[in-house]
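Notes for the one structure printed next.
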Number of protein chains: 2
Amino acid sequence: MKGPKRSLDVPKIVNAVLELLAEDPATVPTLRGVAARLGVRPNTLYTYVPDRAALEGAVVEHLLDLAGPAVLSGPAPWRERITAYALRLRAELLARPGAVPFFLSGPMNGPNAVLVGEGLLAAFAEAGLSPGDGARAAYAVIVHVLGSAALAAADLPGPGTDPEQVLLERRAALAAGPPLTSAASEVAAGWNSVEQFTWGINRLIDGCVPSLP
Amino acid sequence: MKGPKRSLDVPKIVNAVLELLAEDPATVPTLRGVAARLGVRPNTLYTYVPDRAALEGAVVEHLLDLAGPAVLSGPAPWRERITAYALRLRAELLARPGAVPFFLSGPMNGPNAVLVGEGLLAAFAEAGLSPGDGARAAYAVIVHVLGSAALAAADLPGPGTDPEQVLLERRAALAAGPPLTSAASEVAAGWNSVEQFTWGINRLIDGCVPSLP
DNA sequence: ATAAATTTTGTACAGCGTACATTGTGCATC
DNA sequence: GATGCACAATGTACGCTGTACAAAATTTAT
């Protein structure tokens, strides 16, 4: 190879994105911000990545991996494997709401996305689903994880707001609503809690996997 | 009231957004684009709306209404009411992918959002769920609808691409994947179809509403 | 008729992603 | 060991975004 040595590579760039997210989890990183953190001019990144979308895709792939897709092929019973990965991916996303838009701004067709899909298919096959229903169920699980993460990210309180306080205000607002909303305000206010996420994904799995006839 | 007459109001502005979406469903409307269509300078909109987020919220409210929340309190059996509204909201979103980000860039706490929530709670109450479980189930349904719409919007083919062609390419790509993915490629390629959406939401409801013990 | 209130505009700014020509660097070749 | 080429990084720039702020225009109340 001729020419000057490369000062960066895609993993380094992805890492810079994660650093920005670690410092300010709710802010969507920008190309220029990433470049600045790497001590480089913005257009330098175009040597390693064709455009912003590709960078986002790389970050998505990294996060899918960070959530540990290995658990999907682990020794645990199939349901636990699914819920475990779902919970971990959700946790990674909620820890970095600024990364959530990356998952929703382009197709998820990278290697790790395929790997996760395959893992889900395996789990659902083990549960007794046909390949077709397995595919539908796997997709439904992805929808549930990304959907609830996206809704949670959309509802972020301003920085430096007490979560407890937010919960109370949310509950009060719901309690002032129509009758059923008001009656369920206590539960409804905690829609973005781990408990309710777990409840939802388990009900989804229940519906996908018919219990004994 | 003193001062010159207002030339606009929020509904007119929302309407302009919908017109832009009708002409170019996949492109997210911008403040400046909306202003241009109304024959007005960009900053004029700030007389009617505090910022972009508020405009987005107004559009969300309009679309929630456009999907016809009345069906939720209609005479049909509870399950049909839920799936009917879900299908209609999904249809409105898929017809305007450019509006999907609006649903995910701020809290959904407008009157119509509350109304939809109340309708879902009523349906699930009729199904025999406790208020708490009803709230969890209603939230899960919202997650499913918005999540699948968001994923579908993220996967939009370039403008002027034949959907049939896209399906074939997607299927081929999946067929080249790992074993289970490959085996399910036919079904998996159609993940954003109405049929699979219906399947998913019905399975979700199945899981939420315990059948006879 | 004048004054006050309020809408609309003009102008501007900082930030975004990205294109293009230029400069600089380092290996392969002579 | 000098030379030239291939490539990386930069400088500069464009069009776009949302949004301030002060000036102008318009309508009503006095």
Side-chain angles (χ1 to χ4, degrees), chain A residues 1-17 20-21 23-24 26-60 97-107 154 156 158-159, chain B residues 1-14 16-17 20-21 23-24 26-60 97-106 154 156 158-159:
Chain A
M1 266 325 228
K2 289 189 178 182
K5 289 181 179 169
R6 304 197 144 196
S7 61
L8 302 173
D9 49 36
V10 175
K12 276 204 192 85
I13 299 178
V14 169
N15 192 54
V17 174
L20 290 179
L21 286 167
E23 292 176 6
D24 190 354
T27 300
V28 183
T30 68
L31 250 172
R32 300 177 100 102
V34 176
R37 164 160 281 262
L38 292 166
V40 116
R41 259 17 111 202
N43 35 5
T44 300
L45 301 182
Y46 284 83
T47 302
Y48 306 94
V49 147
D51 56 6
R52 167 164 235 267
L55 174 53
E56 295 184 354
V59 173
V60 167
V100 170
F102 295 175
F103 283 77
L104 303 174
S105 66
L156 281 184
Chain B
M1 258 340 219
K2 289 189 182 183
K5 290 181 178 168
R6 305 198 144 193
S7 61
L8 302 173
D9 49 36
V10 174
K12 276 203 190 86
I13 298 178
V14 169
V17 174
L20 290 179
L21 286 167
E23 292 175 6
D24 191 352
T27 300
V28 183
T30 68
L31 248 173
R32 300 178 99 100
V34 175
R37 162 160 282 264
L38 292 166
V40 116
R41 264 11 119 213
N43 34 6
T44 300
L45 300 183
Y46 283 83
T47 301
Y48 305 94
V49 147
D51 56 5
R52 169 164 234 267
L55 174 53
E56 295 184 354
V59 174
V60 167
V100 170
F102 295 176
F103 283 77
L104 303 174
S105 66
L156 281 184

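Per chain, numbering begins at 1; letters A, B, ... match sequence-line order.
Residue side chain B:R32 reaches the base of D:dG18 through a donor-acceptor N/O pair under 3.5 Å, judged by distance alone.
In this entry the distance linking CG of B:L31 with C1' of C:dT8 reads 16 Å, nearest Å. Rounded to whole Å, atom P of C:dC20 lies 13 Å from atom CG of A:N43. Here C:dC13 presents its P atom at 17 Å from OH of B:Y46, a figure rounded to the nearest Å. Remark: C1' of C:dC27 and NZ of A:K2 are 7 Å apart, rounded to the nearest angstrom. Rounded to an integer number of Å, the gap from B:K5 NZ to D:dT28 P is 5 Å. Rounded to an integer number of Å, the gap from CG of A:L45 to C1' of D:dG11 is 16 Å. Between A:Y48 atom OH and C:dG17 atom P there is a gap of 18 Å when expressed in whole angstrom units. For the pair A:L8 CG and D:dA8 P, the computed distance is 11 Å after rounding to whole Å.
With DNA chain D read from its 5' end, the first of the two nearest nucleotides for B:P29 and A:P42 is the one closest to A:P42. Place A:P50 and A:T30 on DNA chain C by their nearest nucleotides, and A:T30 ends up nearer the 5' end.
When all heavy atoms of A:A35 and A:P42 are compared, the pair lying nearest together is CB-CA, 3.5 Å. Considering every non-hydrogen atom in both A:P29 and A:G98, the closest pair reads CD-O, 3.9 Å.
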Check step by step if side chain to side chain contact (heavy atoms under 4.5 Å, CB included) holds for B:V17 and B:L21.
-> CA-CA 6 Å; B:V17 174; B:L21 286 167; 4.1 Å; yes
Decide side chain to side chain contact (heavy atoms under 4.5 Å, CB included) for A:F102 and A:R52; before the verdict, give the C-alpha distance in whole Å, the side-chain angles of both, and the deciding distance to 0.1 Å.
-> CA-CA 10 Å; A:F102 295 175; A:R52 167 164 235 267; 3.9 Å; yes
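Distances shown here put every side-chain N or O of A:S7 at or beyond 4.0 Å from the OP1 or OP2 atom of D:dA8. Note on A:R52: a side-chain N or O is less than 4.0 Å away from OP1 or OP2 of C:dG17.
Across all strands shown, A:T44 has heavy atoms under 4.0 Å from base atoms, whether or not it also approaches the sugar-phosphate. Note on B:T47: a base of the nucleic acid sits closer than 4.0 angstrom, heavy atoms only.
Considering only side-chain atoms of B:R41, the nucleotide from D:dT10, C:dG10, C:dT6 that sits closest is C:dG10.
Residues A:L8 and A:L45 meet the side-chain proximity criterion, which asks for heavy atoms closer than 4.5 Å.
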